[in-house]
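Data first, discussion second: the structure below is written as structure tokens.
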Amino acid sequence: MMDKKTAPVGVFDSGVGGLTVAREISRQLPDENIVYFGDTARVPYGSKSQNTIIRFSEQIIRFLKTKEVKAIVIACNTASALALDAVKDEFDIPILGVVIPGARAAVEATKNRKVGVVGTEATVQSGMYTKVIQGMNPEITVIEKACPLFVPLVEEGFKEHQVTEEVIEYYLESMRSTDIDAMILGCTHYPLLRSKIRAYMGDKIQIVNPAYETAMDLKCLLEENDMANDGTEGQHSNYSFYVSDAAEKFRKFANTVMPFDVPITNVVNIEGY
Ligand code: DGL
């Protein structure tokens, strides 16, 4: 039988972006083993319909279960917003998303009860961040804005390029002219643009990265269920990476995000799950 403590945590995303969440888990829970799946063949999710995102998420969860994971983190904001409710009752395993932890962090951060959210088209259209934030505090005003070009800019290595500054200004000008005092980076890729977004938005606005709170929630969940890996088995921090396509491109990108050398990345035929 699977040992609940040493079993890995499954983390998945539409591609490379969820590595920002895996990185945060590795910082806060260094003893946990991780199986990461990036759906590189079908990225982006941010322009797809809810039914498709649910179907993709179900397939990935079925795959991760074959790796005997003890819990699953949906690192993708789009899948968290559109698929978490559907999958969490369907599978007999704890599943966490990033929207609730990110929303809670923003509710705690705002003083003037005005919060901005940036994310993919699908996340923004779902209105899920607004729903969850206002469920926690109905007096908070939420302004959401889709910034679809941020994802390819990060993926193509344009993080430091001037064109990125122009795109940030293009998308965030209207957000900056409001009086929000907290803004959620509601997409896995956006924390990789954090310093440029921070420079443009100014330091009066608290920038919230849901990855941080998600790792904290995962810690609580594992402890409450007596599933936390305390490292006594001597088997800690074993990471494996799976993708649905372009393994070498993924591995190279992952090496720029993770604080250690990413080992061989395996390709999975995810449509078969
Ligand atoms: N991982 C997605 C998210 O956090 C961004 C990339 C995509 O559109 O698939 O929303």
Side-chain angles (χ1 to χ4, degrees), residues 10-25 36-57 59-61 64 72-87 95-103 105-106 116-132 144-159 164 167 171 183-194 197 207-215 241-246 249-250 253-254 257-258 270:
V11 177
F12 79 86
D13 179 47
S14 54
V16 292
L19 291 165
T20 58
V21 178
R23 177 177 64 185
E24 197 52 49
I25 295 172
Y36 183 95
F37 179 83
D39 201 355
T40 46
R42 306 187 293 193
V43 68
Y45 283 10
S47 53
K48 299 203 166 60
S49 70
Q50 182 167 28
N51 282 348
T52 299
I53 295 164
I54 291 173
R55 185 170 69 80
F56 289 176
S57 301
Q59 288 175 328
I60 297 166
I61 292 167
L64 288 172
I72 290 177
V73 176
I74 306 183
C76 178
N77 286 260
T78 306
S80 297
L82 286 101
L84 177 65
D85 283 348
V87 296
I95 305 177
L96 279 181
V98 290
V99 170
I100 293 169
V117 179
V118 284
T120 65
E121 294 279 10
T123 299
V124 167
Q125 263 170 30
S126 76
M128 190 52 97
Y129 267 109
T130 301
K131 246 177 271 167
V132 175
E144 298 205 40
K145 174 85 185 170
C147 308
L149 287 175
F150 285 179
V151 169
L153 283 171
V154 169
E155 297 211 346
E156 295 308 319
F158 275 54
K159 271 193 295 186
T164 302
V167 175
Y171 284 132
M183 188 172 93
I184 301 176
L185 301 180
C187 173
T188 48
H189 290 59
Y190 301 1
L192 297 168
L193 300 178
R194 187 191 177 109
I197 293 174
I207 308 270
V208 174
N209 175 4
Y212 183 78
E213 293 272 327
T214 303
F241 295 86
Y242 296 86
V243 290
S244 45
D245 197 10
K249 187 175 177 206
F250 174 92
F253 192 99
V257 177
M258 299 306 284
I270 199 68

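Just so you know, ligand 1 is whichever comes first in the structure, and atom 1 is the first atom listed for that ligand.
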Looking only at heavy atoms of Cys187, does any of them come nearer than 4.0 Å to an atom of ligand 1?
yes
Between Asn77 and ligand 1, is there a nitrogen or oxygen pair with a distance under 3.5 Å?
yes
Atom 8 (O) of ligand 1: the protein heavy-atom neighbour that sits closest, reported with distance to 0.1 Å:
Gly46 N, 2.9 Å
Check the side chains of Thr123 and Ser126 for a donor-acceptor pair under 3.5 angstrom, ignoring hydrogens and angles.
no
Gap between atom CG of Asn77 and atom CG of Asp13 - 0.5 Å precision:
8.5 Å
For Phe37 together with Tyr242, are the ring centres under 6.0 Å from each other?
no
How many angstroms lie between CG in Asn209 and CD1 in Ile207, if you round to the nearest 0.5 Å?
10.0 Å
What are the atoms of ligand 1, with element, lying closer than 4.0 Å to any heavy atom of Asp13?
1 (N)
Which atoms of ligand 1 have any heavy atom of Val43 under 4.0 Å away?
9 (O)
Do the ring centers of Phe12 and Tyr36 come within less than 6.0 Å of each other?
no
Protein heavy atom at shortest distance from atom 10 (O) of ligand 1
Thr78 OG1, 2.5 Å
Minimum heavy-atom separation for His189 to Val16, with atom names?
NE2-CG2, 4.0 Å
In this structure, atom 2 (C) of ligand 1 is nearest to the protein heavy atom Cys76 SG, 3.5 Å
For a quick check under 3.5 Å, do Gln59 and Arg42 share a side-chain donor-acceptor pair by atom type?
yes
Quick note on ligand 1: atoms under 4.0 Å from a heavy atom of Thr120 include exactly 5 (C), 8 (O), 10 (O)
For atom 6 (C) of ligand 1, the protein heavy atom that lies nearest, with its residue and separation
Ser14 OG, 3.5 Å
